[in-house]
Enquirer: 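Please find one structure pasted underneath; my questions will follow.
Since we're looking at a predicted model, the values are computed, not measured.
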Amino acid sequence: MIKLEEKKASIKPIKSKLKVEVLNKQEIDGINQGARSVMQDIGIIFPSKKALNIFAEAGAEVDFETEVVKLPADLVEKHLKKAPRAYDLCGRRPELDAKLGQDKGTHYFTSGEAPKIVDFETGERRLSVKADIANMAKVANYLDIVSLIWPTVSASDKGVAAPLHGLEACFNNNEKHIQTESVMDEVSAKYAIEMASVVAGSLEALKERPLHSILLCCIQPLAQDRGGIESAMVYAEAGLPIGFMSMPTLGLTGPPYSAGSLVTAFAEVLSGVVLTQIINPGTPNFVSIIPSLLNPRTGAYFMGSSPAQITSASAVQIAHSNGLPITACMSFGGSQWKLNNWQIGIENSWVHLLTVMSGADMSFGPSGMYEAVSLLDMQRIMFDREIVQAIDIISDGIEVNEQTLALDMIKKIGHHGMYLSQKETAKQTRKLWPPSILFEPPTNSEERYRNPVDVAHETIEWILKNHKPQPLSDDVRKELRKIVDTADEDETLKKEVQGAK
Amino acid sequence: MSQEMFDKLAQAVIDGESEDAEALAKQALEQKLDPLACITNGLTVGIQKTGELFASGEYYLPELIIGADAMKAAMQILEPALLSGQEREVTGTIVIGTVEGDLHEIGKTLVGTMMTANGFRVIDLGTDIPSADFIDAVKESGANLVGASALLTTTMLQQEKLISSLKDAGLREQVKVMVGGAPVTASYAKQIGADGYAEDAISAVDLAMRLIDAPA
Ligand code: B1M
């Protein structure tokens with residue numbers, strides 16, 4: 001059983017002794033050159049006047065009519081160089097900082113913004129609301145396998161300012177680094193940064209220890225989102241970390257080849273990195289590549305498929321060759337599998353093993369998601385935790401030294417003996433048999449173990465009832481409330497979010 | 001002679017050969033064949049067969065899309081040549097798009113493709129489509145269905161706005177409105193006054209058929 005006792009939030013990145021390198025040097029060069037030639041010859045659409053002006057001024061070839069920006073290779077190199085490979089995505093306390101590029105291993109985080117949730121009490125599916133975000137933020141605060149979070153679901157009860165309500169619920173219930181993937185317009189971005197500044201103490205303090213960041217998606221193929229880019233530019237001006245994600249579906253929004261999809265994906269994300277580096281040199285950037293397949297009969301979305309995931313593992317090498325941290329190899333809540341089935345467990349197992357073996361800086365792991373990140377089932381996060389724990393053990397390899405070779409013990413026990421009575425065995429058993437939801441004694445004699453779903457449910461119930469994330473001061477909470485209240489009434493925000501065409 | 005041409009047109013669609021389909025359509029007009037007959041007995045037969053091959057699992061989505069493209073290529077030649085009063089027989093006409101502020105394209109396109117394969121005339125407006133553009137397209141095409149896709153919690157609100165815009169434009173009685181996308185549920189669809197919600201592309205076709213009382 002998981003030891004259920006109240007504790008301070010902590011994080012546990014996973015460092016793997018097992019390594020996988022999918023690509024050789026020549027293959028890495030091929031993909032990098034491909035991405036650069038796409039940026040230079042075909043270009044990327046940036047549907048934002050502000051971005052187009054910035055590029056033009058920096059020497060890119062900009063067509064203001066088509067909004068296509070062509071980036072010469074030397075311009076790309078010049079600006080990519082300024083992006084740091086190592087930096088911290090800070091939590092509220094230094095022990096909670098996710099240290100990227102500092103050989104700490106893979107930091108797992110909850111994916112998020114599912115529009116629907118399985119109601120924890122009734123088991124019924126419904127649209128998610130703000131209170132659900134608060135609950136899941138609390139659970140994520142408790143579990144050390146979670147290094148940073150996104151608002152895990154969306155506040156469908158809060159209208160167009162939902163992304164800001166999501167952040168408020170996270171800041172109030174979670175001490176780790178909080179990233180948004182839904183603050184996708186300039187106006188909301190300013191509010192979000194104001195909120196993070198309040199939590200940090202000031203904008204300066206926030207820049208010093210960024211406890212908030214943004215991840216935005218490029219629009220495949222070869223385009224950016226106006227709202228997303230304009231939001232990212234605000235984050236760049238504030239010097240906060242910014243991630244660019246590409247989600248090519250092989251044979252749909254990307255070429256039907258892994259290599260070709262990496263070419264388009266990197267052209268997209270690197271063009272975004274270049275923009276933010278022009279705006280504010282040294283901005284902490286990261287990239288994220290989530291390839292997928294689609295079921296060729298139904299169109300269903302398959303993120304966890306094997307071709308998609310080996311493509312993502314390859315992306316780790318490409319990102320690192322460009323000097324950038326990467327979020328990669330994630331089930332991201334799996335393919336479009338329905339609730340409580342074994343496929344999702346299989347997917348998550350090898351996906352997350354690949355994550356740590358490829359050396360991804362971050363990955364969406366313990367998320368509790370189903371149906372391609374569109375449905376949250378809180379208790380599933382305990383299964384994700386279980387998988388990641390197993391991977392932690394596997395990726396540690398085995399220890400070989402005088403103690404573990406155990407020749408003395410072998411001699412002592414000799415033939416036909418048992419090692420059970422040894423003190424060392426007693427000590428080691430704790431390590432060999434870590435906390436788990438899978439092996440609880442049954443409540444009736446017909447079963448070998450209790451149903452882990454029930455155990456997971458009880459664990460979550462306990463956390464929700466007993467865990468108290470360190471609260472923000474009353475003043476800070478009030479200030480956050482005030483900002484979100486103002487945003488709710490802000491007509492310019494409404495116009496921005498609902499499209500200003 | 002004409003049957004031979006119909007068969008060739010149908011086969012070009014089944015094989016997904018856009019260039020052949022276009023060339024055959026031009027040939028058909030040169031040979032003074034009736035364009036409507038070429039559509040009904042050639043292209044439509046071809047797309048129906050393609051749809052059957054897809055339904056039976058023989059064809060995958062790319063083949064279905066390539067087939068629909070071939071049909072479109074020939075249609076572009078044949079449709080302008082229809083005599084006045086001639087109209088191709090369609091199951092229904094749908095204006096479909098992803099709502100304003102939303103760039104998710106995949107689901108909407110799949111729904112459109114399935115509807116094409118099932119004999120609907122599909123006017124696919126693309127993504128990030130303001131209500132006004134839906135309205136213009138309905139007016140222009142005389143559509144009897146409107147389909148709005150939304151994938152974001154913040155943009156699903158646009159589906160409601162579209163319905164009230166259709167009312168304001170006096171078009172609400174003319175069209176049935178279908179909605180879909182990840183954050184949308186049947187009860188949300190009901191709440192905003194849509195006529196139906198579909199979870200995937202195949203049920204979207206069934207829903208459309210039901211809404212306009214088309215024979216399945
Ligand atoms: C007319 O009648 C009908 C009837 C049925 C209809 C219908 C209409 N429309 C759909 N249906 C139904 O039939 C279809 C076929 O079976 C189905 O369509 P679907 O679209 O559901 O299914 C497709 C076949 C496959 N599914 C998909 O294509 C969507 C998959 C997910 C993972 C997804 C993708 C792929 C993308 N995304 Co986006 N994306 C997610 C999606 C999660 C999910 N599970 O939905 C979702 C929707 N995205 C999200 C987000 C946040 C975003 N995305 C964004 C961008 C993108 C990509 C561009 C990277 C990419 C789209 C690529 C493209 N060219 O279309 C951004 C927004 C951009 C914008 N302005 O729109 C961005 C804001 C991320 C960012 N930080 O930038 C989340 C929404 C959260 C929320 N609650 O609002 C999200 C749920 C994932 C998540 N949890 O993070 C049915 O829904």
Side-chain angles (χ1 to χ4, degrees), chain A residues 47 113-116 125-129 151 153-163 165-166 182-185 188 217-221 223-228 247 249 251-253 256 292 294-301 336 371-375 493-501, chain B residues 53-66 98-114 125-133 150-162 180-189 191 199-204:
Chain A
E113 298 285 354
K116 294 172 191 163
R125 254 167 208 263
R126 57 168 170 78
L127 289 184
S128 52
V129 294
V153 290
S154 299
S156 72
D157 51 339
K158 297 297 174 193
V160 290
H165 284 273
S182 59
V183 172
M184 291 297 138
D185 67 279
S188 300
C217 286
C218 312
I219 309 299
Q220 296 69 55
Q224 306 285 359
D225 171 18
R226 180 186 66 86
M247 303 177 71
T249 302
L252 182 71
T253 56
S292 59
L294 93 164
N295 179 323
R297 296 219 166 95
T298 62
Y301 201 76
Q336 280 184 348
E371 300 184 8
V373 241
S374 65
L375 178 72
L493 186 148
K494 277 184 200 144
K495 233 170 124 190
E496 272 295 310
V497 175
Q498 304 214 321
K501 263 190 173 178
Chain B
L53 286 167
F54 177 73
S56 70
E58 175 108 3
Y59 267 16
Y60 280 161
L61 272 168
E63 282 117 351
L64 185 65
I65 305 235
I66 296 167
T98 306
V99 298
E100 187 167 14
D102 199 322
L103 299 166
H104 292 86
E105 184 159 28
I106 302 170
K108 177 269 305 161
T109 305
L110 273 177
V111 172
T113 303
M114 290 294 177
L125 301 177
T127 61
D128 192 13
I129 304 302
S131 298
D133 291 8
L151 273 277
L152 300 169
T153 299
T154 45
T155 57
M156 64 198 268
L157 307 167
Q158 295 290 334
Q159 292 174 326
E160 187 171 13
K161 194 171 143 200
L162 170 61
V184 183
T185 58
S187 62
Y188 178 75
Q191 182 193 320
E199 203 185 334
D200 55 37
I202 292 160
S203 46

Enquirer: For S128(A), which atoms come within 4.5 Å of any heavy atom of chain B: side chain, backbone, both, or neither?
Expert: neither
Enquirer: What residues form a side chain to side chain donor-acceptor pair (under 3.5 Å) with H165(A), not counting sequence neighbours?
Expert: K130(A), D488(A)
Enquirer: How far apart are the closest heavy atoms of L294(A) and T249(A), and which atoms are they?
Expert: N-CG2, 3.8 Å
Enquirer: Tell me, out of I202(B), T153(B), D200(B), who's got the most heavy-atom pairs with chain A below 4.5 Å.
Expert: T153(B)
Enquirer: Measure P256(A) against the heavy atoms of chain B and call it side chain, backbone, both or neither at under 4.5 Å.
Expert: neither
Enquirer: Report which part of L375(A) has an atom under 4.5 Å of a heavy atom belonging to chain B: side chain, backbone, both, or neither.
Expert: neither
Enquirer: Can you say whether N295(A) sits under 4.5 Å from chain B via the side chain, the backbone, both, or neither, judging by heavy atoms?
Expert: backbone
Enquirer: For the candidates P62(B), G107(B), G57(B), A201(B), which exhibits the highest count of non-hydrogen atom pairs separated by less than 4.5 Å from chain A?
Expert: G57(B)
Enquirer: Of all residues at least two apart in sequence or in a different chain, which pass the side chain to side chain donor-acceptor pair (under 3.5 Å) check with E113(A)?
Expert: S154(A), S182(A)
Enquirer: Looking at V497(A) and T154(B), what are the two nearest heavy atoms and their distance?
Expert: CG1-CB, 3.7 Å
Enquirer: If we check side chain to side chain contact (heavy atoms under 4.5 Å, CB included) with T127(B), which of these qualifies: T109(B), I106(B), L103(B)?
Expert: L103(B)
Enquirer: Counting heavy-atom pairs under 4.5 Å with chain B, which one of G299(A), A300(A), S374(A) comes out on top?
Expert: G299(A)
Enquirer: How close do L61(B) and F54(B) get, heavy atom to heavy atom, and via which atoms?
Expert: N-CE1, 3.7 Å
Enquirer: Against chain A, label V184(B) side chain, backbone, both or neither, depending on which of its atoms sit under 4.5 Å from a heavy atom there.
Expert: backbone
